[in-house]
Colleague: 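Before I ask anything, let me first share the structure, which is written out below as structure tokens.
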Amino acid sequence: MNDRTDKEAGKAGQSHETRDPAGVGPAGAGAAGHDRTGGDPEAAPKALNNSEAGNDRDADGNRGTGPAEDHPDTEDVPDPASDVEAAGSLMRQPWSRRAVSGGLVLAVGGALFGLSRTAPRPVRSDGGMVPLRQPVASAPLPPEGIQPEAGEGAETPLEDTAAVAEPAKVPASVQRPAGPAQIAIVLDDLGLKQDETRWATNLPGPLTLAFLPYGQSLASHANRAKANGHEVILHLPMDPGGRADPGPQALRVGQDSAELERRLGWNLAQVPGIAGVNNHMGSALTENVAAMEAVLTRLKADGRYFLDSRTTARSAARAISDRLGVPYAERDVFLDNDTSPQAIVRQLAETEDLARRYGTAIAIGHPHRQTLKALETWVGEARERGFDIVPVSTVIATRGSALWRLARDRAGS
């Protein structure tokens with residue numbers, strides 16, 4: 001390597017410092033991806049030192065920059081180390097104008113930053129430190145020891161934002177009622193199995209007992225239920241769609257208005273003293289706007305409520321009830337789709353959780369022996385845990401339906 005000329009060494013150095021067709025020198029190469037420092041101002045001196053230590057020396061340790069014509073975009077600038085002759089021969093380093101100006105900018109910026117860090121901060125007359133950046137006029141500094149309240153310049157912590165977020169399952173208009181959480185338990189399909197129906201009417205309550213219109217001994221069962229403090233409603237058979245049979249005199253999609261009203265009247269007359277109606281099956285009919293308008297118009301005239309069992313998510317009952325002003329509620333939980341005792345207990349616990357969160361909850365079960373046995377003990381235990389066990393009409397009133405209260409007063413119950 002001793003036979004390498006200074007010109008060759010200068011070309012080798014040029015390959016590291018002047019390979020920029022746009023004319024950008026080492027100071028600007030970081031942004032374009034050519035600077036080994038990555039544009040880091042703190043790493044720039046290290047990169048320059050590395051260049052001085054290796055890239056610009058030949059095998060004998062001598063620096064070689066080559067003639068000036070090999071560097072058309074640079075000029076010779078005295079190296080700060082050129083005065084140190086003890087290190088060897090006179091040293092010269094080609095520096096670009098942009099490299100020099102970039103270094104000066106970094107040096108001045110670092111000096112100013114250091115001064116700003118070390119300069120003493122002024123002191124207010126009350127002894128507090130004056131902030132380096134004055135607050136805007138609309139957000140004055142609070143007195144010492146007092147934190148600004150939300151809306152007055154204070155930032156809301158992230159956890160507070162999550163805490164006040166509206167639960168996804170509850171509409172924004174729903175407010176948790178004051179007082180103890182209320183739970184309404186509804187038992188459907190009563191009147192067919194006589195032993196289970198009698199068992200249900202003798203349960204502690206008050207519960208809401210829904211009788212099928214084609215059951216047996218309906219007047220006797222309904223009277224016993226009311227005597228024991230339960231609320232009685234009609235479990236109205238409606239068209240489910242498909243092959244399932246809701247029973248005789250069911251309301252069907254496609255019936256003319258006269259037939260539908262005749263069947264509705266017959267069903268309502270089968271169970272004495274009812275406070276409201278809920279649907280038996282009915283996925284197809286509750287989606288039918290014309291049919292539900294006929295049903296709900298009759299219930300409004302009679303001063304009765306409608307409880308939607310929600311056998312379909314596309315039920316039109318809520319919207320039509322709101323428009324017509326019919327007292328309305330809907331099921332929150334099914335208790336016994338799985339009739340194992342463990343599953344029923346889990347569903348009752350889910351009902352309690354909903355009631356704690358939203359103030360009210362409505363659960364629907366059936367006269368399975370497992371369900372009836374679970375309710376025998378659960379009602380008393382739930383009261384001990386602070387829940388009010390109430391009929392569905394109480395939940396509707398608690399949820400703020402003034403129309404329901406008017407209907408209840410008009411009916412005299």
Side-chain angles (χ1 to χ4, degrees), residues 162-190 196 199-210 225 228-233 235 275-276 278-279 305-311 313 315 318 327-401 404:
V164 298
E166 192 68 32
K169 295 175 63 176
V170 181
S173 62
V174 173
Q175 301 293 331
R176 190 198 187 289
Q182 297 176 345
I183 296 176
I185 300 294
V186 183
L187 288 177
D188 281 351
D189 297 344
L190 296 176
E196 285 79 358
W199 190 352
T201 60
N202 289 322
L203 286 172
L207 307 180
T208 300
L209 304 184
N228 289 335
H230 302 304
E231 185 166 82
V232 174
I233 65 175
H235 196 38
N278 75 332
N279 53 296
Y305 67 79
F306 182 72
L307 169 63
D308 193 345
S309 300
R310 297 290 291 178
T311 56
S315 172
R318 180 194 298 174
Y328 171 86
E330 60 187 40
R331 168 198 58 82
D332 298 307
V333 178
F334 272 129
L335 292 178
D336 48 15
N337 286 341
D338 180 347
T339 58
S340 67
Q342 297 83 357
I344 294 170
V345 169
R346 284 196 303 269
Q347 294 302 96
L348 287 169
E350 171 68 12
T351 305
E352 292 184 19
D353 288 342
L354 291 173
R356 287 191 192 96
R357 291 169 63 188
Y358 308 133
T360 62
I362 298 175
I364 292 181
H366 301 84
H368 305 302
R369 301 186 72 85
Q370 301 92 319
T371 304
L372 298 173
K373 185 174 182 179
L375 290 174
E376 277 185 330
T377 57
W378 176 84
V379 170
E381 293 169 352
R383 283 203 183 95
E384 292 177 358
R385 288 190 287 270
F387 294 98
D388 274 355
I389 309 304
V390 298
V392 168
S393 61
T394 299
V395 171
I396 293 175
T398 300
R399 288 177 177 177
S401 173
W404 158 246

Colleague: Between the main-chain N or O of G365 and the side-chain N or O of T371, is there a donor-acceptor pair closer than 3.5 Å?
Modeller: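 Judged by distance alone, no pair lies under 3.5 Å.
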
Colleague: Under 3.5 Å, is there a donor-acceptor pair between the side chain of Q347 and the main chain of F334?
Modeller: yes

Colleague: About how many Å separate CG of N202 and CD of E376, when rounded to the nearest 0.5 Å?
Modeller: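 So the gap between those two atoms works out to 9.5 Å.
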
Colleague: I would like to know whether S315 and R310 meet side chain to side chain contact (heavy atoms under 4.5 Å, CB included); could you show each step before the answer?
Modeller: CA-CA 7 Å; S315 172; R310 297 290 291 178; 3.8 Å; yes

Colleague: Do you know which two heavy atoms are closest between A355 and A181, and how far apart they sit?
Modeller: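 Minimum heavy-atom separation between A355 and A181: O-CB, 3.4 Å.
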
Colleague: Would L203 and V379 count as a side chain to side chain contact (heavy atoms under 4.5 Å, CB included) here? Give the steps.
Modeller: CA-CA 9 Å; L203 286 172; V379 170; over 6 Å; no

Colleague: Can you tell me which residue among T360, V390, I389 is in a side-chain contact (heavy atoms from CB on, under 4.5 Å) with I183?
Modeller: I389

Colleague: Test S393 against E231 for side chain to side chain donor-acceptor pair (under 3.5 Å), laying out the working first.
Modeller: CA-CA 8 Å; S393 61; E231 185 166 82; 2.4 Å; yes

Colleague: Search all heavy atoms of Q182 against all heavy atoms of T398 and return the closest pair with its distance.
Modeller: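 Minimum heavy-atom separation between Q182 and T398: OE1-OG1, 2.8 Å.
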
Colleague: Can you check whether H230's main-chain N or O pairs, donor with acceptor, with N228's side chain at less than 3.5 Å?
Modeller: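 Looks like no, no N/O pair under 3.5 Å.
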
Colleague: Kindly compute the distance separating CG (N337) from CD1 (I344), expressed to the nearest 0.5 Å.
Modeller: 10.5 Å

Colleague: I'd like to know whether E330 forms a side chain to side chain contact (heavy atoms under 4.5 Å, CB included) with I362, so could you lay out the CA-CA distance, the side-chain angles of the two residues, the decisive distance to 0.1 Å, and finally the verdict.
Modeller: CA-CA 7 Å; E330 60 187 40; I362 298 175; over 6 Å; no

Colleague: What pairs with T377 under side chain to side chain donor-acceptor pair (under 3.5 Å), at least two apart in sequence or on another chain?
Modeller: none

Colleague: Charged N to carboxylate O under 4.0 angstrom, R346 versus E350?
Modeller: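 Not counted as a salt bridge, because no side-chain N and carboxylate O are separated by less than 4.0 Å.
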
Colleague: Testing the basics here: between P180 and G386, what is the closest heavy-atom pair and its distance to 0.1 Å?
Modeller: CB-O, 3.6 Å

Colleague: Got V392 and I233 here, is their nearest side-chain heavy-atom distance under 4.5 Å?
Modeller: no

Colleague: Where do Y328 and I396 come nearest, in terms of heavy atoms and distance?
Modeller: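 Shortest heavy-atom contact: O-CG1, 3.8 Å.
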
Colleague: Taking N279 for its side chain and S309 for its backbone only, find out whether a donor-acceptor pair lies under 3.5 Å.
Modeller: yes

Colleague: Taking D189 for its side chain and H366 for its backbone only, find out whether a donor-acceptor pair lies under 3.5 Å.
Modeller: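 Judged by distance alone, no pair lies under 3.5 Å.
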
Colleague: Salt bridge check, R399 against D332: does any charged N sit closer than 4.0 Å to a carboxylate O?
Modeller: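 Looking at R399 together with D332, the answer is yes, because their closest N to O distance falls below 4.0 Å.
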
Colleague: Among L335, L375, T339, find the residue that satisfies the side-chain contact (heavy atoms from CB on, under 4.5 Å) test when tested with Q370.
Modeller: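 Testing Q370 for a side-chain contact (heavy atoms from CB on, under 4.5 Å) against L335, L375, T339 leaves exactly one candidate, T339.
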
Colleague: I need the K373 NZ to H368 NE2 distance, nearest 0.5 Å.
Modeller: 16.0 Å

Colleague: If you look at every heavy atom in G229 and P206, which pair is closest and at what distance?
Modeller: O-CB, 2.9 Å

Colleague: What closest approach, in Å, do T351 and A363 show between heavy atoms, and which atom pair accounts for it?
Modeller: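 Closest approach of T351 to A363: OG1-CB, 3.6 Å.
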
Colleague: Should L187 and L372 be marked as a side chain to side chain contact (heavy atoms under 4.5 Å, CB included) after you check the CA-CA gap, both sets of side-chain angles, and the distance that decides it?
Modeller: CA-CA 9 Å; L187 288 177; L372 298 173; 3.8 Å; yes

Colleague: Can you confirm whether L354 sits close enough to V333 that some side-chain heavy atom of one is under 4.5 Å from a side-chain heavy atom of the other?
Modeller: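 With C-beta onward as the side chain, the pair touches.
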
